[in-house]
Amino acid sequence: DSFCEEVLGVREKDGKRQVVQTDGLSVPQLIGFRLKADFVVHIVFATTVVLMLLAILVFWIFERIGRKPTALAKMPFGKALLEVLVTSLWLLPAMSALEFAIELIGHAFGWELPPQQFTQMFSMPGLSSSAKRALVLMALVEAPLLEELLFRRFLFRCLLGHMRMAVAAVVSGAIFSFVHGDVAAFVPLWIFGIVQARVYYRTGRLSCAILLHFLLNLLAVTILWLG
């Protein structure tokens with residue numbers, strides 16, 4: 001059936017239906033790798049959604065029973081969109097260059113820097129196309145929406161009530177980066193978190209932070225898919 005064809009990589013070859021994408025593995029090994037990889041991806045996807053929704057719920061309850069978060073003045077939509085586009089023009093190349101520089105430094109000192117978790121999952125042996133689509137959905141929809149709600153809408157604005165904007169951006173950015181758990185990408189993600197907080201603070205629109213997050217993840221997914 002279609003599920004088996006997807007798992008085994010069955011394709012038409014020389015007029016016959018054959019397993020042509022074995023990656024040097026036997027059929028039982030290939031089935032095992034693909035089912036395990038798919039299971040891991042879907043468990044990570046579901047767990048991430050549940051944990052972030054719980055965290056958002058906790059912040060929402062805190063807002064209802066505690067002090068109201070600092071209100072942000074909304075920038076006109078057209079101007080806010082321009083802010084996002086201008087920021088993306090320098091941020092996306094800068095992030096790529098910084099990650100490349102960190103990789104070069106790691107090689108120079110003989111450090112074995114692990115790839116980001118998303119890259120590891122996307123590159124797992126035998127990962128089916130359905131699991132890859134789930135990862136893409138996680139990167140382009142789940143992460144921009146839930147992470148911006150959690151780290152910018154709730155955490156950053158909560159910190160704004162207790163410290164200056166720059167400090168709140170640095171602290172929330174550090175927590176944002178730490179939660180991702182990627183040692184090699186800690187500094188780039190920290191900088192990204194700071195920029196996201198700044199964009200949200202300047203525009204007063206969470207949608208702008210979500211859009212910028214989407215654009216960065218779209219670039220990363222495109223590079224992985226084509227690579």
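What you see is a predicted model, and the numbers here were worked out from it, not measured in a lab.
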Quick one: pull up CG in L92 and CG in L212 and give me the separation to the nearest 0.5 Å.
6.5 Å
Hydrophobic cluster identity match, I56 and I65, side-chain contacts under 4.5 Å
yes
Apply side chain to side chain contact (heavy atoms under 4.5 Å, CB included) to L135 and V221, showing your working.
CA-CA 9 Å; L135 282 173; V221 167; over 6 Å; no
Heavy atoms, side chains only, cut-off 4.5 Å: are V136 and V141 in contact?
no
Taking the six-membered ring of F176 as reference, does the NZ or CZ atom of R152 fall below 6.0 Å from its centre and within a 45° cone about the axis?
yes
Would you check, one step at a time, whether the test side chain to side chain contact (heavy atoms under 4.5 Å, CB included) holds for H180 with E147?
CA-CA 10 Å; H180 280 76; E147 288 182 7; 3.4 Å; yes
Evaluation steps, side chain to side chain contact (heavy atoms under 4.5 Å, CB included), between V170 and W190
CA-CA 8 Å; V170 169; W190 189 2; 3.7 Å; yes
Any side chain to side chain donor-acceptor pair (under 3.5 Å) pairs touching residues 72-97, not counting sequence neighbours?
E83-R202
Just how far is it from atom CZ of R153 to atom CG of L145, taken to the nearest 0.5 Å?
14.5 Å
Set of salt bridge (Lys or Arg N to Asp or Glu O under 4.0 Å) partners for R205, sequence neighbours left out
none
Looking only at heavy atoms, what is the nearest atom pair of Y201 and L160, with distance?
CD1-CD1, 4.0 Å
Determine yes or no for a side-chain-to-main-chain donor-acceptor pair under 3.5 angstrom, with T47 supplying the side chain and I43 the backbone.
yes
For A209 and V199, work out which heavy atoms get closest and say how close.
N-CG1, 4.4 Å
Smallest heavy-atom separation, W111 atom then I105 atom, equals CZ3-CG2, 4.0 Å
Closest heavy-atom pair, E99 versus P188, reported as atoms and distance to 0.1 Å, is CG-CG, 3.8 Å
Give, for atom CD1 of I191 and atom CD of Q196, the distance between the pair rounded to the nearest 0.5 Å.
13.0 Å
For A169 and F156, the nearest pair of non-hydrogen atoms, with its separation, is N-CE1, 3.7 Å
Main chain of A139, side chain of N217: is a donor-acceptor contact present, judged purely on distance under 3.5 Å?
yes
Under 6.0 Å between ring centres: does that hold for H213 and F192?
yes
Gap between atom CE of M75 and atom CG of L81 - 0.5 Å precision:
11.5 Å
Same hydrophobic cluster for L219 and L137, using side-chain heavy-atom links shorter than 4.5 Å among ILVMFWY?
yes
Taking all non-hydrogen atoms of both residues, which atom of A55 and which atom of L150 are closest, and how far apart?
CB-CD1, 3.6 Å
Among the clusters formed by ILVMFWY side chains lying less than 4.5 Å apart, do L216 and W225 turn up in the same one?
yes
Linked, directly or transitively: L146 and V58 (ILVMFWY side chains, under 4.5 Å):
no
When clusters are formed by joining ILVMFWY residues with side-chain heavy atoms under 4.5 Å apart, either directly or through shared neighbours, do L51 and I175 land in the same one?
no
Take F151 and S172 through the test side chain to side chain contact (heavy atoms under 4.5 Å, CB included) and record every step on the way to the result.
CA-CA 7 Å; F151 294 104; S172 62; 5.7 Å; no
Using only atom types and a distance under 3.5 Å, with no angle test, would you say the side chain of E148 pairs donor to acceptor with the backbone of I210?
no
Euclidean distance, L53 CG relative to L149 CG, rounded to 0.5 Å:
9.0 Å
More than 12 heavy atoms of other residues, nucleotides or ligands under 6.0 Å from CZ of F154: yes or no?
yes
